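Small disclaimer: the values here were computed from a predicted structure and weren't measured. In what follows, chains are A, B, ... by sequence order, proteins preceding strands, each numbered from 1.
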Number of protein chains: 2
Amino acid sequence: MTSAAASALAGLVRRLESIGPLSAVERRAVADLPVAIRTLPPRCPIVREGDRPSQCCVVLQGWLCRSNVLGSGKRQIHSLHIAGDMPDLQSLHLPVMDHNLDTLTPVLMAAIPHEALRDVIAAHPGVAAVLWRSTLIDAAMVRQWMVCLGRRAALEHVGHLLCEMYLRQQAVGLASGFQCPLPVTQSDLGDALGLSTVHVNRVLQTLRAMSLITLQNGTLRIHDWERLVALSEFDPTYLHVEAASA
Amino acid sequence: MTSAAASALAGLVRRLESIGPLSAVERRAVADLPVAIRTLPPRCPIVREGDRPSQCCVVLQGWLCRSNVLGSGKRQIHSLHIAGDMPDLQSLHLPVMDHNLDTLTPVLMAAIPHEALRDVIAAHPGVAAVLWRSTLIDAAMVRQWMVCLGRRAALEHVGHLLCEMYLRQQAVGLASGFQCPLPVTQSDLGDALGLSTVHVNRVLQTLRAMSLITLQNGTLRIHDWERLVALSEFDPTYLHVEAASA
DNA sequence: CGGTGCGTTGACATTTATCAAACGCGGTGG
DNA sequence: CCACCGCGTTTGATAAATGTCAACGCACCG
């Protein structure tokens, strides 16, 4: 095993333990999974709607998104994924993909064969429980995005997304001091928010004018966390992190 | 065990087997689960955001919805649930509810204690796999709703929902002949679709004027399935049913 | 030096929300 | 039996939010 693979698996173990408890044996089983490390360019498809993948991704570096594209060409992103995430874990139980998985930035990822994962799950119910819980948290985030899409005004919606992405990155050590990477274009944000690029741009300017945030060169700075949270009625319960302090 | 309980569990076994295979032993284990049968009036809360439920629901009759309510009083429904569904199965692994579960119509349901479910899951990985898959299908439906919310016009969105609810009911034997129950108010539909009641009303009239559907007295009639599917770009892949023929 | 992609701006169009009122109909009590 | 009431639906007028289209600037990169 290469050292890159070993460190990828160590990261996976750490992430899973932040989701639920693992015994020593279970940790070991995860750490012994076979992985293939891959580097991908930005805006690159990983899995397409209709595919039947035979492996799961673990993000090591970079940002991915899951999305559907309509006949009109309109795209809706349903989730953004950062280091530690397993964005297509569901393919383990839903063989046919009902959406796309793409990179947004350059990505470093590990691929784990379904077969190997299934073996570990069968032998270690504790691992299964943590992975199941992980897919449930994923679903909870999608539900909350849905609430934003359906019932929040653009300003609150953008604010909500920024709060979420800051906290999620903070939880995996990628953010602190109310500052974090946000290396996505305004057009990508629009596809995630269900808004047009132009409107995203204007909302971001409004948030800046309100001295709440700045977003420059792929870096988000939150100048007033409290007010941003209040504005967007952000309640981190749905992230299901034990200590989601900011 | 009462006969109502026995028949509820028989129904549950049937539903689970439509989601994934169960061995004879596993079927038995499910059929032996303890259940409490409950009747609920319409518009009645079952579980609230913040609760820590100790049991899971199985819907036997009637309609439920999961939703969040914002400070402004706006409600977004993330899913509609019909007989056979287990709308709060996730509470098994996510102890704190991040949304509400309510009845829309009078409901007959079975409650299964978490503890009993956990025992069965621990003893029977096959049952765990089917339940996991069930939560993943649930998540897939939410993702598709998200796409509708973010990127579809109201007309297509309404059409999409009608197609989905017809097919889902057909799959559990509650619908046939392009006709099915839809016992929810236009205001509930609005909360599910992210639209105002008034707009839902107008869109339904448009669909009727196009000779696509009629919706009267809680009954939906689809007059031209093909055109409705085309209009709403409805692709049932996301329901992850093997034979979703109409 | 000239693309190309992204961010920004302005003018205008469209969709959808909001508000207010009326309507229909089943249920209920006089 | 009839009047009334409540709930859900329907309608019209108007407002607000957001989308679309077109153009421009600016930085990065070949």
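Side-chain N/O atoms of Q186(B) and N201(B) include a donor and acceptor closer than 3.5 Å. Inspection of the H199(B) and T197(B) side chains reveals no N or O donor paired with an N or O acceptor under 3.5 Å.
Nearest to the side chain of L195(A), among dT18(D), dT20(D), dT11(D), sits dT18(D). For T185(A), counting side-chain heavy atoms from C-beta on, the closest listed nucleotide (dT20(D), dC6(C), dA17(C)) is dC6(C). For R43(A), counting side-chain heavy atoms from C-beta on, the closest listed nucleotide (dT18(D), dC6(C), dG8(D)) is dC6(C).
Taking atom NE2 on H199(B) and atom P on dT18(C), their separation rounds to 12 Å, with Å as the unit. As a whole-Å value, the separation of L204(B) CG from dT16(C) P is 14 Å. Distance H157(A) NE2 to dG19(D) P: 11 Å, rounded to the nearest Å. In this structure, K74(B) atom NZ and dT18(C) atom P are separated by 5 Å, rounded to whole Å. Rounded to whole Å, the distance from CZ on R202(B) to P on dG12(D) is 8 Å. The distance between atom CD of Q216(A) and atom P of dC26(D), rounded to the nearest whole Å, is 15 Å. Distance CG (N217(A)) to P (dC26(D)): 15 Å, rounded to an integer number of Å. In this structure, L104(A) atom CG and dC6(C) atom P are separated by 11 Å, rounded to whole Å.
In this structure, V203(A) and L193(A) have side chains that are not in contact, with every pair of non-hydrogen atoms separated by 4.5 Å or more.
Of the two residues contacting DNA chain C, namely Q205(A) and R151(A), the nearest-nucleotide position lying further toward the 5' end is that of Q205(A). For the pair V198(A) and R152(A), both in contact range of DNA chain D, the more 5′-proximal nearest nucleotide belongs to R152(A).
Within the 4.0 Å cut-off from OP1 or OP2 of dC7(D), not a single side-chain nitrogen or oxygen of Q186(B) is found. Side-chain nitrogen and oxygen atoms of N201(A) include none within less than 4.0 Å of the OP1 or OP2 phosphate oxygen of dG7(C).
Only one option out of D191(B), D102(B), D138(B) pairs with R66(B) in a salt bridge (charged side-chain N to carboxylate O under 4.0 Å, His left out); it is D138(B).
Residue G190(A) is classed as having no contact, given no heavy-atom separation below 4.0 Å to the nucleic acid.
Aromatic rings of H160(A) and Y166(A) (six-membered ring for Trp) have centroids beyond the 6.0 Å cut-off, not under it.
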